[in-house]
2 protein chains.
Amino acid sequence: MDAEAIKRSLEDTGLRCTPQRYAVMAFLMETDQHPTSAEIFEAVNRVDPRSSRATTYNNLRDLVQAGLVREVAIEGRAARFDAKGMRHHHFICDRCGNVEDIDWYDLPSPAPGSLDKRILRESEVIFRGLCAKCAPGGASRQA
Amino acid sequence: MDAEAIKRSLEDTGLRCTPQRYAVMAFLMETDQHPTSAEIFEAVNRVDPRSSRATTYNNLRDLVQAGLVREVAIEGRAARFDAKGMRHHHFICDRCGNVEDIDWYDLPSPAPGSLDKRILRESEVIFRGLCAKCAPGGASRQA
DNA sequence: ATATCACATTAGATATAGTCTAAGTTCTCA
DNA sequence: TGAGAACTTAGACTATATCTAATGTGATAT
Ligand SMILES: [Mn+2]
Ligand SMILES: [Mn+2]
Ligand SMILES: [Zn+2]
Ligand SMILES: [Zn+2]
């Protein structure tokens, strides 16, 4: 996705395309990792323009609200973010906390009535276990 | 589940049944809410013995490791906990952050190969949206 | 019974993640 | 061109969770 497309997707949701906001979005779209806010802050500041920590948080919040970015909360660690490109599920490593994408597949709906008066917006599967690096025999061999 | 059963489940996993640890477990088993560590700390201290904040965190960590308790990370809020009784999924409210249980149902496995070298321990579905209280028309009507 | 030692608890200090404030800047549009 | 809205900023602040080092407790061995 090119610069124009990012610009359009921002403006379609009522957000101005500022250099700081563009940089966050562009960075998230070009990685398949799930960086933390601190990593995003550092990455967008390796090139100009300088963006503040508050702005990074503000923009992540706005992008999540706009539905362009997903936030993944992880027990005991900083939240991670990804651009919502293709629909997908997530695998979260018990040991290192890394988040990895798992191909999307449709879920069976919950038993009718079990959602009651709730309004469902989305559902996702979280897989947990050990990532390839942390699994015994994996490359980790952490010192 | 009675006191003896809790005691046994703790000792089966190699944990001593201390009054503080028992109190955390008993409290989690008798509620269908998903209290935060602060709420658990307060609840177990409404009755003796007094338990410290550090002990509450220590015990929650131990109980999660032992597989008796589940921790639910929520974006921008304190983690919540529940006793792993019956298997179930979770609904998390976008607005108030409340976690509610959804009846268990089996998931289709991910496409073969899509888990690659990872070791899968468990999977769960997270539903998101508005809880009954927060849905328009719900009782919330927040001032 | 008593010594021993691993397990557990504690208060408070510390660390980490995220939010808020108040002032300044840039964009939009009348 | 002027006014207001949207945005950015540094740094103070808050919330959540972990760590430290001293103390307490209970199971086991002798
Ligand atoms: Mn992802
Ligand atoms: Mn639950
Ligand atoms: Zn890992
Ligand atoms: Zn709600």
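By convention in this document, chain letters (A, B, ...) are assigned in the order of the sequence lines, proteins followed by strands, and residues within each chain are numbered from 1.
- What separates CD of B/E75 from C1' of C/dA17 is a distance of 14 Å, to the nearest Å.
- Take the nearest nucleotide of DNA chain C for A/A54 and for B/T55: the residue whose nucleotide is more 5' is B/T55.
- If you measure from atom CZ of B/F41 to atom C1' of D/dA15, you get 15 Å, rounded to the nearest angstrom.
- A salt bridge links A/E122 to A/K84: at least one charged side-chain nitrogen sits closer than 4.0 Å to a carboxylate oxygen.
- Side chain to side chain, B/H88 and B/D103 fail the donor-acceptor criterion of an N or O pair below 3.5 Å.
- Of the candidates D/dT25, D/dT9, C/dT10, the closest approach to any side-chain atom of B/R16 belongs to D/dT25.
- The distance between atom CD of A/Q20 and atom P of C/dT25, rounded to the nearest whole Å, is 14 Å.
- B/T36 comes within 4.0 angstrom of no nucleic acid atom, judged by non-hydrogen atoms across all strands.
- Distance from the side chain of B/Y57 is smallest to D/dT18 among D/dT8, D/dT18, C/dA17.
- Note on B/S51: a side-chain N or O is less than 4.0 Å away from OP1 or OP2 of C/dT10.
- D/dA15 atom P lies 14 Å from atom CZ of B/R77, rounded to whole Å.
- Within 4.0 Å of A/A78, counting heavy atoms only, lie sugar-phosphate atoms of the nucleic acid but no base atom.
- Atom CZ of A/R61 is separated from atom C1' of C/dA17 by 15 Å (rounded to the nearest Å).
- The CD atom of A/Q65 sits 14 Å away from the C1' atom of D/dA6 (whole-angstrom rounding).
- Nucleic acid contact class of A/N58 (heavy atoms, under 4.0 Å, all strands): base.
- Side-chain nitrogen and oxygen atoms of A/S37 include none within less than 4.0 Å of the OP1 or OP2 phosphate oxygen of C/dA17.
- As judged by a 4.0 angstrom heavy-atom cut-off over every strand, A/T18 is placed among residues touching the sugar-phosphate backbone only.
- Look at CG on A/L15: it is 14 Å from C1' on D/dA5, rounded to the nearest Å.
- If you measure from atom CZ of B/R50 to atom P of C/dA8, you get 22 Å, rounded to the nearest angstrom.
- Using a 4.0 Å heavy-atom distance criterion, B/R53 is classed as a base contact.
- No single ILVMFWY cluster, assembled from side-chain heavy atoms under 4.5 Å apart, contains both B/V125 and B/V99.
- Contact between the side-chain N/O atoms of B/S52 and the OP1/OP2 oxygens of C/dT9 is not found at any separation under 4.0 Å.
- The hydrophobic cluster containing B/W104 does not contain A/I126, counting ILVMFWY residues as joined when their side-chain heavy atoms lie under 4.5 angstrom apart, directly or transitively.
- Under the 6.0 Å distance and 45° angle rule, B/R118 does not count as a cation-pi partner of A/F127.
- Within the nucleic acid shown, B/A38 has no heavy atom closer than 4.0 Å to any nucleic acid atom.
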